[in-house]
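To start, the structure itself, in structure tokens.
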Amino acid sequence: MLSRAARPALKAGAAASSRAVAAPSTTATFATLREIEGRLKSIRNIEKITKTMKIVASTKLTRAQRSMQESRKYGQTSNEVYNSAETKSIEGEGKKKLVVVCSSDKGLCGGIHSGLSRYIRRQTDTFDIVIIGEKCRSQLVRTNAKDIVLNFAGAGKDVPTFAEAQAIADQIVQLPGDYTEVEIVYNKFINATSYEPSTIAAFSEDAFLSSPNYSAFEVEEDVLPNLREYGLANSLYWALSEGHACEISARRNAMDNASKNAGEMIGKYQILYNRTRQAAITGELVEIITGAIASEDM
Amino acid sequence: MTFAWKQAGLTYNRYLAVAARAVRRSLKDDKRLIAERRGESDLRFAKWTNGKQGEVINLADANAAAAVTKANAPAS
């Protein structure tokens, strides 16, 4: 009898103690359940965004690549005259070098902008810098602020046009200070996943005048400044187009990876969410059953 | 060889840009609209002195202004 009488009390006690232990844990699981749900939702949204950006980049890519191929041909043809004249940059004292960095305003495309910045920082000689695009500006301000003479913004929203390259070249030409050498740094498109910072040289009149094969061209000297300006615009157009194609392709890859990672995370969180939910349900069931048994016995 | 546009203070690129704009404007309507989109740009730029960024200016305006000031200056 005693045992019978004692049992409900015992059970009630056990139930009470288990509830006392379980109560904070159930509220905790409910909270985490909601938390996990929230996190899952936000990851889903991020995946949607990255997927859309990837699709946008993919559609832009073909156009950018076509423009890159055309502009590359164009730039190479324009540089043909320097090749056949065997123009070399002037070495020696008193040379002033200008480096034009072709990046763009937008990020979310992997490390292509920082690749350019790193390339600039690696150079040991001194030179002045012209920066196209906000991304490289904000990176190079920290290390090379003293060397910057000009910066451009608003380029690279769409496929670069020759008018843009011309306007930029026009402004660069008007810079005070006679630069003996202009170098354009851009991302060279190797294949869809790899790029490499490389340079195109734009020569000054003096460099062209002193090139070994200069006599082969029967040109008057006063047209040479025109050639220099035009050559600079051509090379800039080439660099901008190729840089743009690299950026779009890099963005496509970056967004592809981001969507993949988001997909993985969604899978993990979904499993975690289901497990926690089941655990919570099991916990509740245990409570209900123990409660029911306890009251049955009374 | 001297060029009229050079005496007027234009650079070669500016000269080309003006010529290109004239050609684009004289196209027929359907082609003109597509072509004129290629001529647009909203580039801005800023000059830097001693590691400080100067005022941000619209590039097209600045280029036009530079051509005007050069044209007004006595031709050398």
Side-chain angles (χ1 to χ4, degrees), chain A residues 67 100 104-105 128-134 137-138 140-177 219-234 236-237 240, chain B residues 1-25 27 32-73 75-76:
Chain A
S67 130
V100 184
S104 87
D105 289 358
D128 287 351
I129 305 176
V130 171
I131 299 173
I132 302 167
E134 294 283 341
R137 183 193 66 100
S138 54
L140 286 173
V141 155
R142 278 182 265 132
T143 50
N144 298 43
K146 281 260 175 304
D147 303 326
I148 302 174
V149 288
L150 269 184
N151 92 297
F152 296 88
K157 283 208 183 92
D158 207 342
V159 172
T161 60
F162 190 67
E164 279 176 350
Q166 250 182 346
I168 292 170
D170 208 14
Q171 200 52 239
I172 290 174
V173 165
Q174 284 169 21
L175 276 179
V219 285
E220 288 175 59
E221 272 187 38
D222 24 339
V223 296
L224 286 182
N226 301 344
L227 177 69
R228 176 178 61 107
E229 287 168 22
Y230 189 49
L232 181 64
N234 291 343
L236 265 178
Y237 176 55
L240 281 175
Chain B
M1 210 176 352
T2 49
F3 306 96
W5 48 267
K6 189 130 249 187
Q7 280 180 331
L10 297 183
T11 59
Y12 185 62
N13 277 323
R14 182 90 201 131
Y15 164 67
L16 284 182
V18 171
R21 197 176 59 200
V23 172
R24 275 192 218 111
R25 281 186 182 166
L27 286 170
R32 186 178 57 101
L33 291 174
I34 304 165
E36 279 196 333
R37 214 172 295 147
R38 281 200 296 269
E40 284 166 6
S41 76
D42 53 346
L43 284 166
R44 299 173 307 281
F45 82 105
K47 285 195 168 120
W48 290 63
T49 39
N50 289 326
K52 286 273 178 314
Q53 186 174 9
E55 201 187 337
V56 179
I57 325 167
N58 188 298
L59 184 58
D61 297 348
N63 276 345
V68 168
T69 49
K70 263 197 194 165
N72 289 337
S76 52

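Any value given below was found using the heavy atoms of this structure, including those in side chains, with hydrogens, waters and symmetry copies removed. Labels below follow one simple rule: chain letters A, B, ... track the order of the sequence lines, proteins then strands, and each chain is numbered from 1. From a predicted model like this one, the values you see are computed outputs, not experimental measurements.
When each of A/V149, A/I132, A/L236 is checked for a side-chain contact (heavy atoms from CB on, under 4.5 Å) with A/I172, only A/L236 meets the rule. Among the candidates A/D128, A/V141, A/D147, the single residue satisfying the side-chain contact (heavy atoms from CB on, under 4.5 Å) test with B/W48 is A/V141.
Using a 4.5 Å cut-off between heavy atoms, A/V130 does not touch chain B at all. With a 4.5 Å cut-off on non-hydrogen atoms, B/I57 does not touch chain A at all. Contact annotation for B/A17: both backbone and side-chain heavy atoms come within less than 4.5 Å of a heavy atom of chain A. Both the backbone and the side chain of A/E229 come within contact range of chain B, each with at least one heavy atom under 4.5 Å from a heavy atom of that chain. A/R137 touches chain B through its side chain: at least one heavy atom from C-beta onward sits under 4.5 Å away, while N, CA, C and O do not.
Options A/A145, A/A167, A/A153 differ in how many heavy-atom pairs under 4.5 Å they form with chain B, and the most are formed by A/A153. Note on A/G154, A/A169, A/A155, A/A165: by heavy-atom pairs under 4.5 Å with chain B, the leading option is A/G154. Across B/A66, B/A46, B/A62, B/G54, the residue that shares the most heavy-atom pairs under 4.5 angstrom with chain A is B/A46. No other option in A/D170, A/L150, A/T161 has as many heavy-atom pairs under 4.5 Å with chain B as A/D170.
Residues B/N63 and B/R14 come closest through the heavy atom pair CB-NH1, 4.0 Å.
For the pair A/I168 and A/L240, the minimum side-chain heavy-atom distance is below 4.5 Å.
Ring planes of B/Y15 and B/W5: parallel class, angle under 30° (limits at 30 and 60°).
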Problem set entry | Residue pair A/E164, B/L59: steps toward the side chain to side chain contact (heavy atoms under 4.5 Å, CB included) verdict | CA-CA 9 Å; A/E164 279 176 350; B/L59 184 58; over 6 Å; no
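Between the side chain of A/D105 and the main chain of A/E134, a donor-acceptor pair closer than 3.5 Å is present.
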